[in-house]
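A short worksheet on the structure shown next.
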Amino acid sequence: MTQEIKKTNKTEWPLWEVFIRSKAGLDHKHAGSLHAADAQMAVENARDVYTRRMEGVSIWVVESRHIHASDPDQSESMYEPANDKIYRHPTFYNLPEEVKYM
Amino acid sequence: MSNSFQEHFDRLIDSEVTIEPKDWMPDDYRKTLIRQISQHAHSEIVGMLPEGNWITRAPSLRRKAVLLAKVQDEAGHGLYLYSAAETLGVTRDELYNQLHTGKAKYSSIFNYPTLTWADMGAVGWLVDGAAIMNQVPLCRTSYGPYARAMVRVCKEESFHQRQGFEIMLTLSKGTEIQKKMAQDAFNRWWWPSLMMFGPPDAESPHTAQSVRWRIKRLTNDELRQKFVDVTVEQAKVLGLEMPDKDIKWNEERGHHDFGAINWEEFRNVVKGNGPCNKQRLETRKKAWDEGQWVRDAAMAHAEKRKSRKKAA
Ligand SMILES: [Fe+2]
Ligand SMILES: [Fe+2]
């Protein structure tokens, strides 16, 4: 059986990640993934699979192997330093009542 | 070391935080998820066969367009779920291989035949109805890619059940023969639909673990009871008779009691001896084998286009 898997694996189409802009003015958002022989086919398949109910006006596809992700085990050192910098938020500053819109 | 990973994982699970593909997870969690998600994916794919059987024979253009759209949705559901399983480190080919060699199971319901047009009504109403009941709680499952796939699936499922109910309603308001047809389909699909929720809780040893992991949110019996309760009301609207003489409202429990399920039949179908097991698997394998040249040609074409681009 392992041999069978090897044989079929050689022909498995590459995996693509699909990003869809749901309407004009919004950014593309990850929708899911699919297999396709090339980029053109990936876009066509993404249209059939992820936009059957007018979920999108624009599609990006990128081969999954090109995506580099941060390591969840490093989350602490990555994101913790932002924790004690509350002065980056507008609510950190006290303004007199009279200043209504700022 | 591994202990602290385990503790961290348990903490995430217990505080309802989502687990993502690159997070550390126990082997059993990964294995159970791969099995559960791929079984579900296989069910979506094989589930297209009993309905595909009626596309060319739908009674009107409207019904045909609807059925075609529904079956196409099921293909999409299979794809969302296969993709979710692949994030756990198994390849698509491996999953297909497990299906085609009989190593992996799919929902036993799809091993029953669709004999008349009324079956398209009963399948949409009951089978998709039961599936929705199973799936809605999974939108909040602990594994991120699975939960997101389920949200998408559930959004699309609701029209499946409605179109089935509409077929049943039309038939049961139709001629005497049409009404009989609807009742007959109801009778045949009712018990297998109840079996879709799986064996009784007393016989599902892994339920507690799965509930803790949030890859199961309600037990088999809880879901089955919910399904019985809503179906009784819907059958009244249709003016059809429940195919179970023992169905009775139980004031004390606040639920309907219902008759004994033939679990012997269930086990038999799961084992491969249902009316259509062989046929379903053969059809599936044939489609896969006969599509091989298309997959190869697409790959060759892509290669050629790539090298032509390079040369230019
Ligand atoms: Fe589905
Ligand atoms: Fe469905």
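Labels below follow one simple rule: chain letters A, B, ... track the order of the sequence lines, proteins then strands, and each chain is numbered from 1.
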Q) Between B:Tyr80 (side chain) and A:Tyr50 (backbone), is there a donor-acceptor pair under 3.5 Å? A) no

Check: Near A:Arg47 CZ, under 6.0 Å, is it more than 12 heavy atoms from other residues, nucleotides or ligands?
Finding: no

When the 4.5 angstrom heavy-atom criterion is applied to B:Asp296 and chain A, the contacting part is side chain

Is B:Lys304 paired with A:Asp38 through a side-chain N to carboxylate O contact shorter than 4.0 Å? no

Heavy-atom count around A:Glu76 CD within 6.0 Å, excluding the residue itself: above 12?
no

When the 4.5 angstrom heavy-atom criterion is applied to A:Ala39 and chain B, the contacting part is neither

Is the number of heavy atoms from other residues, nucleotides or ligands within 6.0 Å of CG (B:Asp27) greater than 12? no

- Item | B:Lys286 NZ: over 12 foreign heavy atoms closer than 6.0 Å | no

Between the side chains of A:Gln40 and B:His301, does any donor sit under 3.5 Å from an acceptor?
no

Contact list (residues 140-161 of chain B to chain A, heavy-atom gap under 4.5 Å, by number) returns B:Arg152, B:Glu156, B:Phe159

query: So do A:Arg53 and B:Asp73 actually touch side chain to side chain, heavy atoms under 4.5 Å?
result: yes

For B:Met299 and A:Trp13 the tightest heavy-atom approach is SD-CD1, 3.3 Å

Atom CZ of residue position B:Arg162 - does it have more than 12 heavy atoms of other residues, nucleotides or ligands inside 6.0 Å? no

Taking a cut-off of under 4.5 angstrom between non-hydrogen atoms, the residues of residues 90-102 of chain A near chain B are none

Rounded to the nearest 0.5 angstrom, the CZ-CE distance for B:Arg305 and A:Met41 is 9.0 Å

Listed by number, the residues in residues 62-72 of chain B that come under 4.5 Å of chain A (heavy atom to heavy atom) are B:Gln72

Turns out that what part of A:Ser75 lies under 4.5 Å from chain B's heavy atoms comes down to neither

Discussion item. Would you say that more than 12 heavy atoms from the other residues, nucleotides or ligands in this model lie under 6.0 Å from the NZ of B:Lys22, or not?
Written reply: yes

When every non-hydrogen atom of A:Ala37 is compared with those of B:Ala298, the smallest separation belongs to CB-O, 3.6 Å

Output for pair (B:Thr91 OG1, A:His35 NE2), nearest 0.5 Å, gives 8.0 Å

Ordered numerically, the heavy-atom neighbours of chain B under 4.5 Å found in residues 26-33 of chain A are A:Ala31, A:Ser33

